[in-house]
Peer 1: 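Pasting in a structure now, in structure tokens, and then I'll have a few things to ask.
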Amino acid sequence: MDGLILIKYGELTTKKGNRKFFIKTLEQNINKILKNYEFEIECDHVRMYIKCFLKDINLIVSDLQKVFGIHGIVICHKVNTKDEVFSLSLKLLKETSAKTFKVETIRADKNFPIPSMEFSRQLGGYILKNSDLKVDVHNPDELLKVEIRKEGNFIYLSEIKGSGGYPVGIQGKGILMLSGGIDSPVAGYLALKRGVDIECLYFESPPHTSLEAKNKVLSLAKILNKYSGNIRVHVIPFTKLQETIYKNVDDHYVITIMRRMMYRIATLVAKDEKAKIIINGESIGQVASQTLSSMSVINEVTNMPVIRPVACMDKLEIIELSKKIGTYETSILPYEDCCTIFLPKHPVINPDLEKCLEYESKFNYQELVDECVKTREIITNLNDEKNDLL
Ligand code: ATP
Ligand code: MG
């Protein structure tokens, strides 16, 4: 064991009452994400250390950058004595290409006899004397940080940014309506970032939608899984219900009714899975079913909160984020979704609730909805090789 990574919690430490639970959850999530490495976690209420082999350290850091709840990642060096701090600081700085430096000391252990400013001055003086480096307090090439703590003295150069947010799971669970599009994976990512554990729900309509379309959704779930670690996918056999809708409902209302059915099914699955919210990738005004009037008529079928993380983002902003999180290339694969097959020419943009109720009274939708929920396929281990589909 010769690598040491310091994890900074950031936002998490401000929630004092829940701190213990936050840290425990973060530790579990890190254990899940790093399961292929040999490492050891040590933590207290302010920070966490991961001891690992030096050869794995960069790979581990890059995986840790996907773990929500981590705000800063620091590769650090722990030494015991003041002399060791001085000699190692000099060595680390000389190994960089920096020409200028600045020392910052934090003295968390107030029993340590030298005040932080004085310590920085002494260490800075030592480095100046033993190298060609110059001090620049305003814009240094390298900022050398020293933390003096009871458990040891820590030296580190630069802090690597973490993903921020809250550890996945601390907010309970949500059901993500995951299509193969660009928006819903981004919505899922944003929900995970706020600490919501997600299960995915996908509506498929074979033979109108293909196996490739389903595999694409599973691939997207797998990408999201890198940020969480235990996502399951519920696949709803939607064909019968969708065909019944098309038989009984006028063209321009089919999408509205179909989406009301999707919300009904999502609500039942959420209750089954003890999820508290539904999450989807709707964005205000993007298509006819996402005008405010449509949203309110569709939303009317459920009293479960529906969270739309990308509701107020422009398409270009959503695309940018999807590229950053790694879902874009999969999302643009050209397979049809059940929402895009038989798309009517003029879907209603201001649907009338009374009309929806009238259409829905024409067939026994509840029975079909229940059947969809009961016969759903649940894919539990996305990382299994048999799920390596694309
Ligand atoms: P795009 O990125 O092309 O807009 P989309 O997935 O957002 O694709 P929309 O028709 O805008 O497609 O659908 C709005 C939302 O409804 C989606 O973001 C998703 O949450 C949900 N949804 C649509 N189709 C499905 C489906 N087949 N299964 C699960 N959820 C779906
Ligand atoms: Mg969309």
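Just so you know, ligand 1 is whichever comes first in the structure, and atom 1 is the first atom listed for that ligand. In this text the structure is predicted, and so the values were computed from the model without any measurement.
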Peer 1: For the atom pair CD (Gln171) and CD1 (Ile198), what is the distance rounded to the nearest 0.5 Å?
Peer 2: 14.0 Å

Peer 1: Would you check the N or O atoms of Gly180, main chain and side chain alike, for any that come under 3.5 Å of an N or O of ligand 1?
Peer 2: no

Peer 1: Check this for me - ligand 1, Ile279, N or O atoms closer than 3.5 angstrom, yes or no?
Peer 2: no

Peer 1: Considering only heavy atoms of Gly181, which atoms of ligand 1 have at least one such atom less than 4.0 Å away?
Peer 2: 2 (O), 6 (O), 8 (O)

Peer 1: Sequence neighbours excluded, which residues qualify as side-chain hydrogen bond (donor to acceptor under 3.5 Å, both in side chains) partners of Gln28?
Peer 2: none

Peer 1: Backbone or side chain, does any N or O of Tyr202 fall under 3.5 Å from an N or O of ligand 1?
Peer 2: no

Peer 1: If you measure every N or O of Lys315 against every N or O of ligand 1, does any of those distances drop under 3.5 Å?
Peer 2: yes

Peer 1: By number and element, which atoms of ligand 1 are closer than 4.0 Å to a non-hydrogen atom of Asn280?
Peer 2: 20 (O)

Peer 1: Sequence neighbours left out, what pairs pass salt bridge (Lys or Arg N to Asp or Glu O under 4.0 Å) with at least one residue falling in residues 122-148?
Peer 2: Lys8-Glu147, Arg47-Glu147, Glu147-Arg149

Peer 1: Is any NZ, NE, NH1 or NH2 atom of the basic residue among Arg232 and Glu273 found under 4.0 Å from an Asp or Glu carboxylate oxygen of the other?
Peer 2: yes

Peer 1: Is the ring pair Tyr253/Tyr359 parallel, tilted or perpendicular, if the boundaries are 30 and 60 degrees?
Peer 2: tilted

Peer 1: Cation-pi between Lys82 and Phe86: NZ/CZ under 6.0 Å from ring centre and within 45° of the ring axis?
Peer 2: yes

Peer 1: Under a 4.0 Å heavy-atom limit, does Ile318 contact ligand 1 with its side chain, its backbone, both, or neither?
Peer 2: neither

Peer 1: Heavy-atom distance to atom 16 (O) of ligand 1: which of Met177, Arg259, His234, Met262 wins?
Peer 2: Arg259

Peer 1: Grouping I, L, V, M, F, W and Y whenever their side-chain heavy atoms are under 4.5 Å apart, do Val297 and Ile265 come out in a common cluster?
Peer 2: no

Peer 1: Check ligand 1 against Gln286 and write out every atom of the ligand that is under 4.0 Å from a heavy-atom position of the residue.
Peer 2: 4 (O), 11 (O)

Peer 1: Does Asn225 use its side chain to pair, donor to acceptor, with the backbone of Ile231 at less than 3.5 Å?
Peer 2: yes

Peer 1: Under 4.0 Å, heavy atoms only, figure out whether ligand 1 is touched by the backbone of Leu176, its side chain, both or neither.
Peer 2: neither

Peer 1: Below a 4.0 angstrom heavy-atom separation, can you tell me which part of Glu204, side chain or backbone, both or neither, approaches ligand 1?
Peer 2: neither

